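Read through the structure below, which is laid out as structure tokens, and then see the notes.
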There are 2 protein chains.
Amino acid sequence: MTEQLPQKLRSDAEDNRDRILESARVLFAREGLTVPMRAIARHAGVGPATLYRRFPTKQLLATEAFAEQIRACQAIVDEGLATPDPWQGFCSVIERICELHLQNRGFTDAFLATYPDAVDIAESRELTLKSVATLARRAKAHGRLRKDFELADLMIMLTAHRGLHVSDPATRTTASRRFATLVVQAFAAEHA
Amino acid sequence: MTEQLPQKLRSDAEDNRDRILESARVLFAREGLTVPMRAIARHAGVGPATLYRRFPTKQLLATEAFAEQIRACQAIVDEGLATPDPWQGFCSVIERICELHLQNRGFTDAFLATYPDAVDIAESRELTLKSVATLARRAKAHGRLRKDFELADLMIMLTAHRGLHVSDPATRTTASRRFATLVVQAFAAEHA
DNA sequence: AGCTAAGTGGACACCTGCGTCCACATAGGC
DNA sequence: GCCTATGTGGACGCAGGTGTCCACTTAGCT
């Protein structure tokens, strides 16, 4: 599951590293990438030095923390590809990705930002997008997806979706669901 | 045009006040409400004390700076109401409001934030929204606007639209236009 | 149990934001 | 031209972020 580093860590260091990652996941999800490194250290019950020793930059920490989300994202798209009706698959991808981004504010930031140094994220992002493109091509052929749809449209809508993170969690959830519904109709071909 | 204060200012103070407002407009539009007060003071060529003396809080400054935009916003909706075809009027309102918010990042913040103390903005906001509601009712009756449209949907989309402000100006412009087009389709009734 | 290298947390120095205070400058009536 | 109320900019103290250093602790081999 977790990659083994060349240098094996001391047991207490290993524990601390795990706790830091766990805290980072919680706080990134709740507050987004803007959460202070200090806050993550405090939440994990370690000093700042420990955090910086393990993860010199926030991007490095984020990349590790979001490994699971990245896999989830790919899984969602794969399931969409596996759905018999490509349009239904496409719709479920939109809805579920919105849901994922809703629950994880930091991941949205990470996914859209394309940090130059967070290679892992950028790479799997491209891979996932390639799958979405395939799905979109099928849904177009099927006639239900508007002909002029482009991948950029999806990125625009995901970027916009992030804007919803300003309000409180309850409002945000309602807003996100409604947003997904509207986006699906926006992408639908004109005539039924 | 500008309201006369009960206390008349000294001529140099008046000049400074004007320059501060002008700088605030430029910087709020470009950077959003997050721009530091100091930056506005520097841009206007005055010290921080001068700025704080005229506008004790950022909200007060914003309210004055955006007076013109608020009027523009109302004008857009009024023109939409005056359009013979209510659906076309509704669409043009969406497109033009997106355009307005695109050019003025700070105004978007101000419009959506509902500061407790910025009464002027909140008030005209409600007024504008009431007009939009009227327009929406007509467009629904006309059959082109989806029956389950609510005012909240528009707020969701405007909030989302703000998310587009992360990218560079050129990309942002393209994205905003495309976003407006998609939103219009999202709001359209199912059958042609 | 003792030793040592790896690991740690608190202190530190730096930056940038905020709002306020006060000694000086100056507009504008005389 | 002078005098004074009004207006001003720079300096100040505070809060909260960043990354780094170093004297102490401790895991784990012997």
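Proteins come first, then strands; the chains are lettered A, B, ... in the order of their sequence lines, and each starts at number 1. Below, each value reflects all heavy atoms present in this structure, side chains not excepted, and no hydrogens, waters or symmetry copies. Predicted model only: the values in this text are computed from it and were never measured.
- At a cut-off of 3.5 angstrom, the base of dG7(C) holds no donor-acceptor pair with the side chain of Arg54(A).
- Ala49(A) comes within 4.0 angstrom of a nucleotide base, judged by non-hydrogen atoms across all strands.
- In this structure, Arg17(A) pairs ionically with Glu64(A), as a charged nitrogen and a carboxylate oxygen lie closer than 4.0 Å.
- Distance, Ile40(B) CD1 to dC18(C) P: 9 Å, rounded to whole Å.
- If you measure from atom OH of Tyr52(A) to atom P of dG17(D), you get 11 Å, rounded to the nearest angstrom.
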> Could you walk me through whether Arg178(B) and Leu182(B) pass the side-chain contact (heavy atoms from CB on, under 4.5 Å) check?
Replying inline: CA-CA 6 Å; Arg178(B) 181 67 173 162; Leu182(B) 291 171; 4.2 Å; yes

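- Contact check, Arg53(A) against dG19(D): no side-chain N or O comes under 4.0 Å of OP1 or OP2.
- One interatomic measurement links the two molecules: CD of Glu14(B) to C1' of dT6(D), which rounds to 14 Å at whole-angstrom precision.
- Atom CD in Glu31(A) sits about 15 Å away from atom C1' in dG16(D), given to the nearest Å.
- Rounded to a whole Å, the CD1 atom of Ile20(B) is 11 Å from the C1' atom of dT8(D).
- OP1 or OP2 of dG7(D) has not a single side-chain nitrogen or oxygen of Thr50(B) nearer than 4.0 Å.
- One interatomic measurement links the two molecules: CG of Leu51(B) to C1' of dC18(C), which rounds to 12 Å at whole-angstrom precision.
- Rounded to whole Å, atom P of dT8(C) lies 18 Å from atom CZ of Arg42(A).
- Annotation: of the two residues near DNA chain D, Arg10(B) and Arg38(A), the 5′-most nearest-nucleotide partner is Arg10(B).
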>> Evaluate Arg162(B) against His101(B) for side-chain contact (heavy atoms from CB on, under 4.5 Å), listing each step before the verdict.
In response: CA-CA 8 Å; Arg162(B) 170 162 60 168; His101(B) 282 220; over 6 Å; no

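- Distances shown here put a side-chain N or O of Asn16(B) below 4.0 Å from the OP1 or OP2 atom of dT8(D).
- Here the nucleotide nearest the side chain of Asp12(B), chosen from dG7(D), dG7(C), dT18(D), is dG7(D).
- Residues Glu95(B) and Arg177(B) are not paired through a salt bridge, judged by the lack of any N-O separation under 4.0 Å between the basic side chain and the carboxylate.
- If you measure from atom CG of Asp15(A) to atom P of dT26(D), you get 14 Å, rounded to the nearest angstrom.
- Between Leu112(B) atom CG and Asp109(B) atom CG the span is 7.5 Å, to the nearest 0.5 Å.
- When the nucleotides dT18(D), dC18(C), dA11(C) are ranked by their closest atom to the side chain of Met37(B), dC18(C) comes out on top.
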